[in-house]
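Positions are given from 1 along the sequence. Below, all heavy atoms of this structure are taken into account, side chains as well, without hydrogens, waters or symmetry copies.
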Amino acid sequence: MARFRDTDVCPGALQVHQAADGALARVRLPGGIITPAQLSTLACVSKQFGSATLELTARGNLQLRGITDVAAVAEAITRAGLVPSPTHERVRNIVASPLSGRVGGRTDVRAGGGELDAAICAEPRLAELGGRFWFGLDDGRADVSGLGADLGAHAVEDGVALLLAGRDTGLRLAAGDVARSLVALALRFVEVRGKAWRVSELADTEELLPGVTLGDAAFPPVTRAPVGWICQDDGRVALGAAVPLGVLPARVADYLAVIDAPLVITPWRSVLVCDLSEEVADAALRVLAPLGLVFDENSPWLGVSACTGSPGCAYSAADVRADAAASLDADAAVHRHFVGCERACGSPPTGEVLVANGQGYRLLREARG
């Protein structure tokens with residue numbers, strides 16, 4: 001759903017949103033990468049100044065709700081190294097294939113995420129991008145490209161495909177030119193966007209790439225997180241943990257941090273705990289599973305999601321998270337996303353969207369693949 005505004009109200013770590021349950025801060029994690037120490041810091045400030053929960057977003061970022069001391073939280077987040085650029089902190093939206101460099105894929109895009117982040121922060125004019133504008137880096141497995149990033153790079157046999165709104169432009173880049181090319185295109189978007197905040201809101205994408213017609217075929221969307229025991233190519237183990245409805249209790253985040261292993265927040269509201277020995281992975285699994293994290297690929301939790309809903313959002317007609325939890329159905333054929341109003345926040349690219357209307361729910365969007 002396109003939302004045309006004169007000003008960008010998307011929250012960040014420093015510019016918070018005043019929600020119905022208090023201040024909301026969103027911390028950008030380019031590539032979903034966060035260190036155990038950083039996760040521990042967010043858990044600590046959430047317990048001290050917020051709701052004692054962390055929310056995982058569909059862009060692989062983290063949110064803190066119900067903040068009572070915005071300045072203290074901003075200071076702690078900055079000290080943790082999570083705000084490298086105060087002017088650009090809301091536009092560092094980079095989603096990369098979460099298992100890249102560890103399992104499969106044509107290439108390792110982890111370093112590319114860091115390079116792109118630095119290039120974005122180095123360009124002053126890109127501070128004008130909206131907080132919902134995002135970049136996708138797909139290592140060739142087509143997990144991220146199907147999510148429809150505004151600007152994307154997808155590894156293919158003959159180089160790197162340049163994508164607009166999830167569609168192939170037909171243009172090919174050298175791996176070393178990806179960051180520069182995406183930044184140049186983002187600058188062009190800033191010049192031509194008018195009141196549009198997303199590439200999909202432009203009247204004509206030829207404004208960005210004159211003479212280029214987008215292909216009709218889009219990459220198939222991925223809606224399920226990689227969960228369970230994942231064997232890495234180097235013989236080590238990654239644990240994929242889905243977080244029901246994207247709400248991670250701070251005390252569970254503390255347990256994840258204590259493992260002291262590389263962490264990746266995925267765009268499917270899950271966490272990857274990487275580079276573990278089998279012994280450590282087994283011990284971690286025994287501890288984490290009873291805490292409510294989901295490691296079963298057949299769990300009904302993987303087939304349902306929801307926006308914030310009441311009481312956190314003043315626009316919502318219902319407590320959609322509670323209703324989504326009550327609707328769990330292991331035999332459901334399609335993903336179902338519950339929303340409290342027609343803005344349909346957080347809707348995945350496929351599946352049903354059910355909107356609360358005060359008496360129950362009606363189908364806002366049919367399932368689509």
Could you give me the CA-CA distance, side-chain angles and deciding distance for Leu245 and Trp301, then say whether side-chain contact (heavy atoms from CB on, under 4.5 Å) is met? CA-CA 8 Å; Leu245 302 178; Trp301 281 115; 3.8 Å; yes
Using side-chain contact (heavy atoms from CB on, under 4.5 Å), reason through Val27 and Asn61 one step at a time and then give a plain yes or no. CA-CA 6 Å; Val27 182; Asn61 298 318; over 6 Å; no
Just do the side-chain contact (heavy atoms from CB on, under 4.5 Å) check on Leu182 and Ile120 with the steps written out, would you? CA-CA 9 Å; Leu182 292 180; Ile120 291 169; over 6 Å; no
How far apart are the C-alpha atoms of Asp254 and Lys47, what are their side-chain angles, what is the distance that settles it, and do they pass the side-chain contact (heavy atoms from CB on, under 4.5 Å) test? CA-CA 11 Å; Asp254 283 332; Lys47 287 183 287 186; 2.5 Å; yes
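With side-chain heavy atoms closer than 4.5 Å counting as contact, directly or through intermediates, Tyr315 stands alone and belongs to no larger hydrophobic cluster.
In this structure, Arg193 is positioned above the aromatic face of Trp197, its NZ or CZ under 6.0 Å from the six-membered ring centre and within 45° of the axis.
Using a 4.0 Å cut-off between charged side-chain N and carboxylate O, Asp139 and Arg106 make no salt bridge.
Taking each heavy atom of Val183 and Ala119 in turn, the nearest pair found is CG2-CB, 3.7 Å. Smallest separation of non-hydrogen atoms from Gln15 and Asp8: NE2-O, 3.6 Å. Nearest heavy-atom pair, Val16 versus Ala25, reported as atom, atom and distance to 0.1 Å: CG1-CB, 4.0 Å.
The main-chain N or O of Ala324 is found under 3.5 Å from a side-chain atom of Ser327 such that the two form a donor-acceptor pair. For Glu123 (side chain) and Arg125 (main-chain N/O), a donor-acceptor pair under 3.5 Å exists by modelled atom type.
Under the 3.5 Å distance criterion, with hydrogens and angles disregarded, a donor-acceptor pair is assigned to the side chains of Ser305 and His337. Side-chain polar atoms of Asp143 and Ser97 form a donor-acceptor pair below 3.5 angstrom.
Thr266 is linked by a side chain to side chain donor-acceptor pair (under 3.5 Å) to Ser270, counting only residues two or more places apart in sequence or in another chain.
Note: His154 and Phe219 have parallel aromatic rings, judged against thresholds of 30 and 60 degrees for the angle between ring planes.
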